[in-house]
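The analysis underlying the following values was restricted to heavy atoms, covering all of them including side chains, and did not include hydrogens, waters or symmetry mates.
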Amino acid sequence: QAQLMASGGGSVQAGGSLRLSCDASTYSSTNDFMGWFRQVQGRDREGVAAIRFNTGRLYYSDAVKGRFTISEDSAKKTVVLEMNELTPEDSAMYYCAATASTLNGQWFPLSPKTYRNWGQGTQVTVSS
């Protein structure tokens with residue numbers, strides 16, 4: 001499996017924006033899913049957004065809906081997570097994941113259990 005690498009994290013003040021990217025070249029010609037997740041130490045990994053390639057289907061958690069946008073940059077073959085109106089509660093390690101499988105015959109694009117291929121994370125820190 002291709003090694004996934006998330007990039008673009010950093011530190012920003014509340015209200016600011018960041019843009020994360022993940023290489024999707026292995027998956028962009030398939031109907032696979034790619035998801036963005038975040039994790040704070042001591043807490044479960046949380047699904048943030050997901051995209052299903054070549055379907056136009058996008059998925060967002062309630063926590064980020066309206067503030068975050070997931071998209072595919074076809075030219076660069078990356079999946080981008082645009083994060084706006086950031087709050088300190090968005091601070092976490094962010095991961096991208098791919099190679100999805102169904103759970104009991106159903107797709108759960110925002111569940112970490114769906115994905116088999118995980119990349120190294122990128123830290124996002126939002127200060128108040």
Side-chain angles (χ1 to χ4, degrees):
Q1 291 176 339
Q3 179 69 40
L4 292 173
M5 185 68 69
S7 62
S11 297
V12 66
Q13 288 191 325
S17 300
L18 284 172
R19 187 174 189 266
L20 306 184
S21 295
C22 188
D23 179 18
S25 57
T26 302
Y27 309 96
S28 58
S29 63
T30 72
N31 289 132
D32 199 357
F33 293 82
M34 180 168 279
W36 281 100
F37 295 81
R38 64 188 182 187
Q39 190 169 23
V40 175
Q41 194 170 5
R43 296 185 183 177
D44 292 338
R45 193 164 291 188
E46 172 191 14
V48 173
I51 184 170
R52 190 169 194 183
F53 294 108
N54 299 303
T55 67
R57 293 182 180 175
L58 309 176
Y59 308 85
Y60 296 97
S61 70
D62 288 342
V64 307
K65 197 174 293 181
R67 300 187 298 121
F68 290 13
T69 302
I70 189 170
S71 62
E72 183 185 0
D73 184 328
S74 299
K76 296 181 180 180
K77 295 188 176 181
T78 60
V79 169
V80 173
L81 185 68
E82 296 275 2
M83 305 188 296
N84 298 312
E85 301 175 33
L86 287 162
T87 74
E89 287 69 36
D90 295 315
S91 297
M93 188 70 77
Y94 281 71
Y95 301 88
C96 59
T99 314
S101 300
T102 58
L103 303 174
N104 295 323
Q106 297 185 61
W107 293 108
F108 294 92
L110 296 180
S111 169
K113 295 179 181 179
T114 294
Y115 299 89
R116 295 201 305 272
N117 192 12
W118 290 85
Q120 292 182 327
T122 185
Q123 179 68 40
V124 170
T125 303
V126 185
S127 58
S128 58

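- Between Pro109 and Phe33, the shortest heavy-atom contact is CG-CE2, 3.6 Å.
- Screening residues 93-105 for salt bridge (charged side-chain N to carboxylate O under 4.0 Å, His left out) gives no qualifying pairs among residues at least two apart or on separate chains.
- Residues satisfying the side chain to side chain donor-acceptor pair (under 3.5 Å) test with Gln120, not counting sequence neighbours, are none.
- For Leu58, the side-chain contact (heavy atoms from CB on, under 4.5 Å) criterion is met by Ile51, Tyr60, Ile70, not counting sequence neighbours.
- Heavy atoms only, all atoms of each residue included: Pro112 and Arg45 are closest at CG-O, 3.6 Å.
- Residue pairs meeting the salt bridge (charged side-chain N to carboxylate O under 4.0 Å, His left out) criterion with at least one member in residues 22-36: none, sequence neighbours excluded.
- Considering only residues two or more places apart in sequence or on other chains, Tyr94 meets the ring-ring contact (aromatic ring centres under 6.0 Å, His included) condition with none of them.
- Residue pairs that meet the ring-ring contact (aromatic ring centres under 6.0 Å, His included) test with at least one member in residues 34-56, sequence neighbours left out, are Phe37-Tyr115, Phe37-Trp118.
- Legend: residues meeting salt bridge (Lys or Arg N to Asp or Glu O under 4.0 Å) with Asp62, ordered by chain and number and at least two apart, are Lys65.
- With sequence neighbours excluded, no residue forms a salt bridge (Lys or Arg N to Asp or Glu O under 4.0 Å) with Lys77.
- Screening residues 39-68 for disulfide (SG to SG under 2.5 Å) gives no qualifying pairs among residues at least two apart or on separate chains.
- For Thr114 (side chain) and Ala100 (main-chain N/O), no donor-acceptor pair under 3.5 Å exists by modelled atom type.
- Applying the disulfide (SG to SG under 2.5 Å) test to every pair with at least one member in residues 21-128, sequence neighbours left out, gives these pairs: Cys22-Cys96.
- In terms of the side-chain contact (heavy atoms from CB on, under 4.5 Å) criterion, residue partners of Asn31 (sequence neighbours excluded) are, by chain and number, Arg52, Asn54, Thr55.
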Hey, can you pull the donor-acceptor pairs under 3.5 Å for the side chains in residues 78-93, sequence neighbours left out?
from, atom 1, to, atom 2, distance (Å)
Glu82, OE2, Arg19, NE, 2.7
Asn84, OD1, Ser17, OG, 2.8
Thr87, OG1, Glu89, N, 3.3
Thr87, OG1, Glu89, OE1, 3.1
Thr87, OG1, Asp90, OD2, 3.4
Asp90, OD1, Arg38, NH1, 2.8
Asp90, OD1, Arg67, NH2, 2.9
Asp90, OD2, Arg67, NH1, 2.7
Asp90, OD2, Arg67, NH2, 3.4
Asp90, OD2, Thr87, N, 2.9
Ser91, OG, Pro88, O, 3.0
Ser91, OG, Val126, N, 2.8
Ser91, OG, Val126, O, 3.4

